[in-house]
Amino acid sequence: TNDALRWASDGNWIVYSKLTLQSDSSGSMDYQIWKIAPDGSKATLLVKHAGTRPYLSADDHLLAFNAQVPGPLNDRSILSAFVVQIDLGK
C-alpha cells in the first residue's frame with residue numbers, strides 16, 4: 001500500500017509512505033518512507049520504521065512525518081511527529 005504522495009520541489013522525485021510486511025516471522029506491518037523517480041525508476045528507501053504523511057521542506061532537505069512510538073507504559077502507541085534531514089540526490 002502506497003500513500004501520501006509528495007512531489008519534490010524540482011519535480012525529480014516523488015516521496016511516499018509504503019506499508020510493508022516485516023522481514024521477521026511476526027507477520028506485522030510497518031510503514032516506510034520511499035522516494036521514486038516520476039518514471040517509476042530508482043525506488044530508494046529513505047526512512048525505515050517511519051510513518052505516514054511525509055512532507056518535504058521547500059528546499060527538499062528536511063522530511064517531516066508521523067510515526068507510532070511506544071507510550072509511557074509500553075501498553076499503547078502514541079502518534080508523534082518527526083523531522084529528519086535528507087538528501088534526495090540524483
Side-chain angles (χ1 to χ4, degrees):
T1 301
N2 300 328
D3 192 22
L5 305 172
R6 306 284 185 239
W7 284 90
S9 62
D10 63 7
N12 290 328
W13 294 104
I14 300 169
V15 174
Y16 62 96
S17 62
K18 179 179 182 178
L19 184 60
T20 59
L21 185 62
Q22 288 284 353
S23 59
D24 60 19
S25 61
S26 70
S28 63
M29 302 295 280
D30 187 34
Y31 276 101
Q32 300 174 344
I33 297 178
W34 288 71
K35 71 174 185 178
I36 193 166
D39 66 2
S41 66
K42 302 179 187 175
T44 305
L45 177 64
L46 292 175
V47 183
K48 190 174 183 178
H49 307 300
T52 60
R53 307 205 182 275
Y55 287 94
L56 291 166
S57 62
D59 64 3
D60 297 331
H61 291 293
L62 296 174
L63 174 70
F65 57 91
N66 295 329
Q68 295 284 344
V69 297
L73 301 176
N74 285 332
D75 59 348
R76 293 180 39 209
S77 292
I78 57 175
L79 188 62
S80 296
F82 295 89
V83 176
V84 295
Q85 189 168 2
I86 62 167
D87 179 11
L88 290 179
K90 296 183 177 181

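Formation of a donor-acceptor pair under 3.5 Å by the Arg53 side chain with backbone atoms of Asn66 is not found in this model. Asp60 places no side-chain N or O within donor-acceptor distance of the main-chain N or O of Ala8, the cut-off being under 3.5 Å. A distance-only check finds a donor-acceptor pair linking the side chain of Thr44 to the backbone of Lys42 [under 3.5 Å].
Closest of all the heavy-atom pairs between Ala4 and Ser17 is CB-OG, 4.3 Å. When every heavy atom of Asp87 is checked against every heavy atom of Lys35, the shortest pair comes out as O-NZ, 4.4 Å.
A distance of 10.5 Å separates NE2 in His61 from CG in Leu56, rounded to the nearest 0.5 Å.
For the side chain to side chain contact (heavy atoms under 4.5 Å, CB included) criterion with Ile33, the lone passing option out of Val15, Val84, Leu45, Ile86 is Val15.
With hydrophobic clusters built from ILVMFWY side chains whose heavy atoms lie under 4.5 angstrom apart, Trp34 does not share a cluster with Tyr55. Both Leu46 and Phe82 are assigned to one and the same hydrophobic cluster, defined by single-linkage of ILVMFWY side chains at heavy-atom distances under 4.5 Å.
Listed by chain and number, the residues in a side-chain contact (heavy atoms from CB on, under 4.5 Å) with Ile36 are Ile14, Tyr16, Ala43 (sequence neighbours excluded). Looking at residues two or more places apart in sequence or on another chain, you find a side-chain hydrogen bond (donor to acceptor under 3.5 Å, both in side chains) between Ser57 and Asp59.
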